[in-house]
2 protein chains.
Amino acid sequence: MEVSTADVAPAMRLPVGLAGGVFPAGCPSRTVLDHITSKWGVLILLALSEGEQRWSELRRRAEGVSEKMLAQTLKTLERDGLVSRKAQPVIPPRVDYSLTERGYELSALLVPLVAWAFENADDIINGQRTD
Amino acid sequence: MEVSTADVAPAMRLPVGLAGGVFPAGCPSRTVLDHITSKWGVLILLALSEGEQRWSELRRRAEGVSEKMLAQTLKTLERDGLVSRKAQPVIPPRVDYSLTERGYELSALLVPLVAWAFENADDIINGQRTD
DNA sequence: GGCGGTACTAACTTCCATGCCAGTACCTTA
DNA sequence: TAAGGTACTGGCATGGAAGTTAGTACCGCC
């Protein structure tokens, strides 16, 4: 078998921490991973990967998200420096959300993952493995 | 800025579903995404991406996982056709887990994501964005 | 003989993410 | 005047994820 991590991203090989244990419990990586792999985190990053969007637009695109979770998730992602918030002091309020540079980096990795999930979802759910 | 979704996986662009709504709520993609982005799902897939491993080895590598969650997660991933289980009828019991072909496909996308999280974790947690 | 390791399953409990609802402040349209 | 849209915040409820504990069956080690 020659499928290995090396095929994927030569400059992105998993670091030292992996040799002998995936991650120390409670290390920053775990926290960050939790944020970006959270149910709504993924969807929102994904939606924003296609460009700046307003609050209400995000609500519609991340179908099923409640206002509370949208606010909470956006706040987390903003604190993590992945999303930037631009509020315009107009009435009615208008707030635009977009990805930061770091956010784009992330979404570049996230998008193929989600695409893969989308493409394989039916097979997987129907229990049709090829192997 | 040249980081865009197009740079990543030309054949993996996000499909039609995305234009106008990330995913329908309750569609298979959501379910699969939940499995593979689950707290322990990620860690286990990651650990297995480095090759076949036994139960007890996985316990140690995914630091902090309880036996219950390990069993549960492995069962889910096995049902999804991402992990294969080989039990040897020896005493004491010996069970080896490895990724299926589909599992490797996934891990190839997951590994760079996790690597990114690892590399950026400190910056993110300390709130030091560069932008 | 008793402890520990291997690979689990099952029951009970706890806790946090999420959901649901209500409220805010201002404007527009009917 | 009343309803509805915009962008939120906060409280309470709950369900599912996760943790805890115990039990199983067999063996090797000391």
Side-chain angles (χ1 to χ4, degrees), chain A residues 22-27 30-48 52-80 83-98, chain B residues 22-27 30-48 52-80 83-98:
Chain A
V22 180
F23 277 149
C27 76
R30 293 269 184 113
T31 309
V32 172
L33 216 46
D34 280 352
H35 291 178
I36 64 185
T37 62
S38 74
K39 178 171 181 180
W40 300 114
V42 180
L43 275 329
I44 289 173
L45 287 168
L46 206 65
L48 287 176
E52 187 171 74
Q53 271 155 87
R54 316 182 47 172
W55 166 274
S56 48
E57 209 169 345
L58 282 173
R59 270 212 70 179
R60 282 187 293 270
R61 295 177 56 87
E63 206 186 312
V65 74
S66 67
E67 300 202 330
K68 184 187 172 178
M69 288 320 296
L70 181 55
Q72 200 179 103
T73 308
L74 282 170
K75 218 177 282 178
T76 302
L77 295 176
E78 200 196 344
R79 247 186 289 115
D80 287 350
V83 163
S84 82
R85 193 190 108 109
K86 279 162 220 145
Q88 292 168 37
V90 296
I91 279 171
R94 176 188 178 101
V95 184
D96 292 305
Y97 292 93
S98 54
Chain B
V22 179
F23 276 149
C27 75
R30 294 269 185 111
T31 309
V32 171
L33 216 47
D34 281 352
H35 292 176
I36 64 184
T37 62
S38 74
K39 178 171 182 182
W40 299 114
V42 180
L43 275 329
I44 289 173
L45 287 169
L46 206 66
L48 286 177
E52 188 171 73
Q53 271 155 87
R54 316 182 48 171
W55 165 275
S56 49
E57 210 169 342
L58 283 172
R59 272 212 68 178
R60 281 187 293 271
R61 295 177 57 86
E63 205 186 314
V65 73
S66 67
E67 300 202 330
K68 181 193 171 176
M69 289 319 297
L70 180 55
Q72 200 180 102
T73 308
L74 282 171
K75 217 177 284 180
T76 302
L77 295 177
E78 201 197 343
R79 248 186 288 113
D80 287 350
V83 164
S84 81
R85 191 191 110 107
K86 278 163 220 145
Q88 291 167 36
V90 297
I91 279 168
R94 178 191 176 100
V95 184
D96 292 305
Y97 290 92
S98 55

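Predicted, not measured: the structure shown is a model, and the values here were computed from it. Hydrogens, waters and symmetry mates play no part in the numbers below; they use all other heavy atoms, side chains included. Proteins come first, then strands; the chains are lettered A, B, ... in the order of their sequence lines, and each starts at number 1.
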N/O (side chain, K39(A)) to phosphate O (OP1/OP2, dC16(C)) under 4.0 Å: no

Below 4.0 angstrom from OP1 or OP2 of dG19(D), is there any side-chain N or O of S66(B)? yes

Could you go through the side chain to side chain contact (heavy atoms under 4.5 Å, CB included) check for I44(B) and Y97(B) one step at a time? CA-CA 10 Å; I44(B) 289 173; Y97(B) 290 92; over 6 Å; no

Between [atom1] on residue [X] and [atom2] on residue [Y], distance to nearest 0.5 Å:
X	Y	atom1	atom2	answer
R30(A)	E63(B)	CZ	CD	6.5 Å
M69(A)	L74(A)	CE	CG	10.5 Å
I36(B)	T76(B)	CD1	OG1	12.5 Å

Applying side chain to side chain contact (heavy atoms under 4.5 Å, CB included), run through L43(A) and V65(A) and close with a yes or a no. CA-CA 9 Å; L43(A) 275 329; V65(A) 74; over 6 Å; no

Taking only N/O atoms, report every protein-nucleotides 2-6 of chain D pair under 3.5 Å with atom names and distance.
residue	atom	partner	partner atom	Å
dT6(D)	O3'	R54(A)	NH2	3.0
dT6(D)	O3'	P93(A)	O	3.0

Just the rounded figure in Å: distance from [atom2] of [N] to [atom1] of [X].
X	N	atom1	atom2	value
E78(B)	dC8(C)	CD	C1'	13 Å
E57(B)	dT6(C)	CD	C1'	13 Å
W40(B)	dA18(D)	CH2	P	8 Å
R59(A)	dC20(C)	CZ	P	11 Å
D96(B)	dC8(C)	CG	P	10 Å
L70(B)	dT20(D)	CG	P	15 Å
Q53(A)	dA7(D)	CD	C1'	16 Å
Q72(B)	dT20(D)	CD	P	15 Å

Sequence neighbours excluded, the answer for salt bridge (Lys or Arg N to Asp or Glu O under 4.0 Å) partners of R85(A) is none

Would you indicate whether the side-chain heavy atoms of L77(A) and L48(A) approach each other to under 4.5 Å? no

Test side chain to side chain contact (heavy atoms under 4.5 Å, CB included) on E52(A) and K86(A) and set out the steps. CA-CA 10 Å; E52(A) 187 171 74; K86(A) 279 162 220 145; 3.4 Å; yes

Only one of T73(A), L45(A), L70(A) clears side chain to side chain contact (heavy atoms under 4.5 Å, CB included) with W40(A); which? T73(A)

With the criterion being N/O to N/O and under 3.5 Å, what pairs connect the protein with nucleotides 10-15 of chain D, and how long is each?
residue	atom	partner	partner atom	Å
dG11(D)	O6	K68(A)	NZ	3.3
dC12(D)	N4	K68(A)	NZ	3.4

